[in-house]
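The structure appears below as structure tokens.
Just so it is clear, the model here is predicted, and its values are computed rather than measured.
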Amino acid sequence: MSAAHETSAPRTRRVVQFGTSRFLQAHADLFIHEARAAGQAVGPIAVVQTSGAPSRAGRVAAFGAPGGYPVIIRGIEDGAAVERQVTVTSIDRGLSATADWDAVTTLFVEDAEIVLSNTGDTGYAIDAADRGAGWVAARPPASFPGKLAQLLHRRWQAGGRPLTVLPCELVNRNGRVLQGLVLDLAAEAGLPEAFRTWLREGVVFTDTLVDRIVSEPIEPVGAVAEPYALWAIERRPGLALPCEHPCLVLADDLEPYERLKLHILNLGHTFLAEIWRREGRPQPETVREILADPAVRARLDALYRDEVVPGFAARGMGAEAEAYVTATLDRFLNPYLDHRIADIAQNHVQKVERRVDAFLAWVEEAGARLPAPALRALAAAHPKSGAA
């Protein structure tokens with residue numbers, strides 16, 4: 001693991017971002033703003049709405065407004081309450097893929113150096129209309145992978161300048177997955193092997209991991225977020241970084257970051273959601289509120305101390321896990337964050353499998369079998385699909 005500031009300073013580069021989410025507004029877009037304010041020749045960002053949802057038309061228009069938008073950072077940092085506001089000015093225009101496809105295409109083909117995306121839980125789903133060769137000439141293609149494939153094809157036809165794609169969706173190995181989808185679409189459409197070779201060699205799709213709780217939007221553009229933030233990017237040959245920032249790190253392998261987030265922060269959320277579901281706690285209860293119950297807080301502390309940290313220690317990551325637990329508890333107790341457990345409890349069974357079952361299996365791969373009674377009880381209460 002190495003800090004991104006150890007790399008050489010990047011040249012000025014246009015960023016094209018797919019997705020208007022408040023998360024990116026308070027994460028990558030904020031980082032690039034702070035880098036520009038520090039004198040780095042990076043950005044600006046053009047934000048593209050991929051969904052065409054009419055409800056977000058006002059947000060698209062607001063991205064191009066002069067004066068930027070507010071991000072309020074509130075929470076606990078190193079045990080102390082912090083609050084600050086930043087006016088983010090790294091975005092210079094908002095575009096709709098539905099209404100402005102010609103402008104999006106020109107910008108992508110001629111100016112883009114970095115591509116960011118955060119297109120939601122179903123963002124990688126490929127619409128039936130994008131199967132076969134239909135996406136090649138569509139205006140625009142229906143799905144995000146179809147849109148990206150067409151834009152990359154147009155860029156290749158225009159000479160194929162190098163490009164870095166940094167997906168920020170919460171998908172394991174998101175860069176590899178997205179590259180595979182685009183390659184599959186190119187193959188299905190019967191496009192030349194030279195194009196597919198360029199997708200493998202001229203476009204750097206790299207895996208990333210993002211970690212920040214962005215609790216609420218500010219209309220029409222802006223957000224409230226916690227102090228903690230991480231943007232981990234896997235090192236690849238030819239990679240172009242969007243900026244240098246203390247919260248951005250380069251890593252040869254993202255797995256340690258992924259495991260810490262998934263099996264401490266996310267696992268803790270799922271453990272609390274199980275308590276909330278089974279014990280009939282108040283419907284609007286938040287993470288902070290449930291942890292104000294001393295008995296629940298004691299159960300979570302014991303889970304981390306006796307089951308989770310020892311599991312990480314078996315994989316040689318005990319110290320990292322202890323530090324991440326400390327940071328996680330600060331995040332859970334953020335007095336400004338109303339993170340409803342009802343939201344966390346959605347798709348609960350699948351989350352148990354990814355966060356709890358996978359943790360126990362990962363620890364056992366190292367030759368350790370922890371007693372882990374609370375985790376094993378949680379896993380047993382929600383058997384995997386097809387299990388007895």
Side-chain angles (χ1 to χ4, degrees), residues 1-4 167-177 180 206-213 228 230-236 247-275 297-332 344 347-388:
M1 304 178 189
S2 60
C168 297
E169 290 82 7
L170 297 178
V171 173
N172 189 41
R173 304 303 186 210
N174 46 21
R176 291 175 173 84
V177 170
T206 195
D207 297 335
T208 78
L209 179 138
V210 295
D211 191 0
R212 174 170 245 172
I213 298 172
Y228 181 93
L230 173 69
W231 191 5
I233 298 175
E234 189 168 270
R235 195 188 310 274
R236 296 278 175 82
C247 295
L248 191 160
V249 298
L250 280 174
D252 293 324
D253 183 3
L254 293 187
E255 184 176 9
Y257 298 99
E258 293 166 345
R259 293 291 180 178
L260 289 167
K261 180 185 178 186
L262 185 64
H263 301 319
I264 295 179
L265 180 95
N266 298 146
L267 182 149
H269 275 154
T270 293
F271 181 72
L272 294 175
E274 179 75 0
I275 293 172
R297 173 62 190 270
R299 290 162 70 182
L300 181 65
D301 286 343
L303 182 86
Y304 282 147
R305 181 187 65 244
D306 300 334
E307 303 188 25
V308 174
V309 171
F312 275 95
R315 301 289 312 213
M317 294 178 59
E320 293 89 341
E322 288 184 4
Y324 196 84
V325 166
T326 299
T328 294
L329 290 171
D330 276 349
R331 299 168 75 183
F332 284 178
I344 294 168
N347 303 311
H348 186 64
V349 174
Q350 294 88 339
K351 289 176 179 177
V352 169
E353 187 171 339
R354 292 197 303 268
R355 299 170 179 186
V356 179
D357 294 339
F359 176 67
L360 294 170
W362 180 63
V363 173
E364 289 177 6
E365 286 173 8
R369 180 172 173 82
L370 301 173
L375 290 178
R376 294 189 186 281
L378 176 51
H382 304 281
K384 295 181 183 179
S385 300

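Nearest heavy atoms, Ile344 versus Ala273: CG2-CB, 4.2 Å. In terms of heavy-atom proximity, Ala379 sits nearest to Val352 at CA-CG1, 4.2 Å. Nearest approach of Thr208 to Cys168, heavy atoms of both residues: OG1-CA, 3.8 Å. In terms of heavy-atom proximity, Ile264 sits nearest to Tyr304 at O-OH, 2.8 Å.
In this structure, the side-chain contact (heavy atoms from CB on, under 4.5 Å) partners of Gln350, at least two apart in sequence or on a different chain, are Asn347, Arg354. Partners of Arg305 under the salt bridge (Lys or Arg N to Asp or Glu O under 4.0 Å) rule, at least two apart in sequence or in another chain, do not exist in this structure. Among residues two or more places apart in sequence or in another chain, the side-chain contact (heavy atoms from CB on, under 4.5 Å) test is passed with Ala381 by Glu274, Arg278. With sequence neighbours excluded, no residue forms a salt bridge (Lys or Arg N to Asp or Glu O under 4.0 Å) with Glu169. Among residues two or more places apart in sequence or in another chain, the side-chain contact (heavy atoms from CB on, under 4.5 Å) test is passed with Arg299 by Phe271, Ile275, Glu279. Taking the side-chain hydrogen bond (donor to acceptor under 3.5 Å, both in side chains) definition, one finds that Glu364 meets it with Arg369, Arg376, sequence neighbours left out. For Asp211, the salt bridge (Lys or Arg N to Asp or Glu O under 4.0 Å) criterion is met by Arg331, not counting sequence neighbours.
By the 4.5 Å heavy-atom criterion applied to side chains, Leu170 and Val210 are counted as neighbours. Two residues are said to be in side-chain contact when any heavy atoms from C-beta on lie closer than 4.5 Å; Asp357 and His382 fail this criterion.
The structure places CD of Glu234 at 10.0 Å from CG of Leu250, a figure rounded to the nearest 0.5 Å. Atoms CD1 and OG1, on Ile233 and Thr206 in that order, are 7.5 Å from each other to the nearest 0.5 Å. Expressed to the nearest 0.5 Å, how far CG of Leu265 lies from OH of Tyr324 amounts to 4.5 Å. Considering CG of Leu262 and CG of Leu209, their distance stands at 9.5 Å, rounded to 0.5 Å.
The list of side-chain hydrogen bond (donor to acceptor under 3.5 Å, both in side chains) pairs with a residue in residues 262-272, not counting sequence neighbours, reads Arg259-His263, Thr270-Arg355.
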*Test side-chain contact (heavy atoms from CB on, under 4.5 Å) on Leu260 and Thr328 and set out the steps.*
CA-CA 10 Å; Leu260 289 167; Thr328 294; over 6 Å; no
*asked:* Does Leu267 form a side-chain contact (heavy atoms from CB on, under 4.5 Å) with Val356? I'd like the steps, not just the answer.
replied: CA-CA 6 Å; Leu267 182 149; Val356 179; 4.2 Å; yes
*Please report the C-alpha distance between Leu230 and Tyr257 in whole Å, then the side-chain angles of each, then the deciding distance to 0.1 Å, and finally whether the side-chain contact (heavy atoms from CB on, under 4.5 Å) criterion is met.*
CA-CA 9 Å; Leu230 173 69; Tyr257 298 99; 3.7 Å; yes
Extract all donor-acceptor atom pairs below 3.5 Å that involve side chains of residues 306-316 and protein atoms in other chains or at least two apart in sequence.
| from | atom 1 | to | atom 2 | distance (Å) |
| --- | --- | --- | --- | --- |
| Glu307 | OE1 | Ala374 | N | 3.4 |
| Glu307 | OE1 | Leu375 | N | 3.0 |
| Glu307 | OE2 | Ala374 | N | 3.0 |
| Arg315 | NH1 | Trp362 | O | 2.6 |

